Amino acid sequence: MGSIQRIGILTGGGDCPGLNGVIRAVTKTAQHRYGMEVVGIRNGFGGLVRKEWGLLEDHHVSGILHRGGTILGTTNRDNPFRFPVTGEQGPARYEDLSGEAVANLEAMGAEALVVVGGDGSLSIALEFFRMGVPVVGIPKTIDNDLMATDVTFGYDTALHTATDAIDKLHTTAESHHRAMLLEVMGRNSGWIALEAGLAGGADVVLIPEIPFTYENILEKIHQRRSRGKKFSIIVVAEGARNPRGEQVYRQRGSRRRLGGIGEEVATEIEERSAMEARVTVLGHLQRGGTPSPFDRILATRFGVKAVEMVMAGEFGRMSCLKTPFIRSVPLEEAVAQQKKVPPGGELVRFARSVGTAFGDGKEAPWNEGAV
Ligand code: F6P
């Protein structure tokens with residue numbers, strides 16, 4: 001595989017802090033260590049179909065390590081296998097343009113493709129690999145819901161943002177004696193809520209993996225009040241299920257996205273108690289901003305490893321962290337299922353041990369009545 005002259009790289013799915021660190025690491029390693037050219041494909045797989053690309057030079061990747069977002073642009077639509085084609089009038093229809101995408105990759109002269117993405121983009125990458133495209137994946141997402149890597153880059157920065165928000169809510173909650181709810185992202189996994197809740201000392205954490213009841217949340221709030229703690233901090237994952245077992249969505253036109261469970265919990269608290277409740281939805285702030293040092297380093301390690309994988313002919317695989325090493329795993333393994341918080345796992349157990357409630361009534365016995 002020493003003969004590879006040119007590789008392509010694209011970033012797909014929702015952006016996250018650290019993407020620019022990967023693009024920089026891939027470009028610098030490919031150019032300076034192996035003498036290859038790197039083509040940057042714009043706006044995810046959409047750019048591969050629409051022929052939007054350009055050669056990445058040193059000056060494109062210089063000074064971007066500390067910048068959030070992605071210099072290449074991204075999208076979480078534009079799956080080439082089900083590509084939205086808008087006609088003159090009427091609704092979009094979908095076509096399989098994967099053949100065009102492969103032809104475009106050849107036209108670009110790229111002999112391998114590096115895909116930086118979450119489970120959606122990496123599943124598409126796997127389909128291309130099965131069509132014979134030499135693909136290497138790099139795992140990114142703030143949700144940390146990818147199997148086969150200890151952690152994704154972007155998650156640590158999101159965790160800092162969420163923890164900072166909890167710290168800020170703490171002082172105002174205490175002053176007004178309120179229940180303050182913070183709704184965080186994470187899709188169907190509760191990692192951000194759980195770990196930010198742990199770091200911020202939240203009183204209640206509600207995650208998709210642990211069913212909760214309003215009675216149990218109120219019980220925790222009342223226990224705290226009876227001990228003189230007249231405020232409570234509640235962190236809610238956007239994907240947490242209400243006691244009817246439903247996730248809550250915001251609908252705009254034909255599109256719906258997770259969001260609104262915080263408001264639902266706050267309404268129930270106010271209706272069932274004399275306590276005031278306020279909701280902060282942290283939203284896309286979690287995806288923005290300067291990547292943390294951890295994310296910059298992890299992004300750099302993943303980027304360098306991906307180029308080494310290209311050189312070694314390790315295609316159909318994804319770079320991953322198996323602490324303390326960067327390794328590679330088959331893409332199938334990475335996208336087989338989403339990584340969830342184990343409800344009986346160590347982190348949940350430790351959180352319960354320091355008094356965090358999950359709304360399931362299973363408080364640590366020594367914490368019943370604790371504040
Ligand atoms: O997967 C990352 C993520 O930020 C999720 O946490 C969230 O549910 C989703 O993307 C939001 O997507 P969009 O940017 O399309 O609203």
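Every value quoted in this text rests on a predicted model; they were computed, and no experiment measured them. As the structure lists them, so they are numbered: ligands from 1, and atoms in each ligand from 1.
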heavy-atom search around atom 11 (C) of ligand 1 in the protein gives R287 NH1, 3.6 Å

Go through it in stages, so that I can follow the logic: the residues are Y214 and N242, the test is side chain to side chain contact (heavy atoms under 4.5 Å, CB included), and I'd like the CA-CA distance, side-chain angles, deciding distance and then a yes or no. CA-CA 9 Å; Y214 293 120; N242 65 23; 4.0 Å; yes

Give a yes or no on whether a salt bridge exists between R130 and E332, defined as a side-chain N under 4.0 angstrom from a carboxylate O. yes

Passing option when M318 is tested against I138, V115, L122, V136 for side chain to side chain contact (heavy atoms under 4.5 Å, CB included): L122

Consider ligand 1: state whether an atom of it lies below 4.0 angstrom from any non-hydrogen atom of H284. yes

Within-cut-off N or O pair, M185 and ligand 1, under 3.5 Å: no

At what distance is the nearest protein heavy atom to atom 15 (O) of ligand 1, and which residue and atom is it? N76 ND2, 3.1 Å

My understanding is that only one of L181, I269, V279, V248 makes a side chain to side chain contact (heavy atoms under 4.5 Å, CB included) with E264; could you say which? V248

Is the closest heavy atom of G118 to ligand 1 under 4.0 Å? no

A student checking ligand 1 against R257 at a 4.0 Å heavy-atom cut-off should list atoms 16 (O)

Could you identify the single nearest non-hydrogen protein atom to atom 8 (O) of ligand 1 and state the distance to 0.1 Å? E238 OE2, 2.5 Å

Donor-acceptor pair, S189 side chain versus K339 backbone, under 3.5 Å? yes

My understanding is that we take every heavy atom of each candidate and find the minimum distance to atom 6 (O) of ligand 1. Doing that for D15, D143, I142, which one comes out nearest? D143

W191 and side chain to side chain contact (heavy atoms under 4.5 Å, CB included): which single residue from N144, T152, I207 fits? N144

Give the numbers and elements of all ligand 1 atoms closer than 4.0 Å to a heavy atom of G186. 6 (O)

How about R77: does its CZ atom have over 12 heavy atoms from other parts shown lying under 6.0 Å from it? no

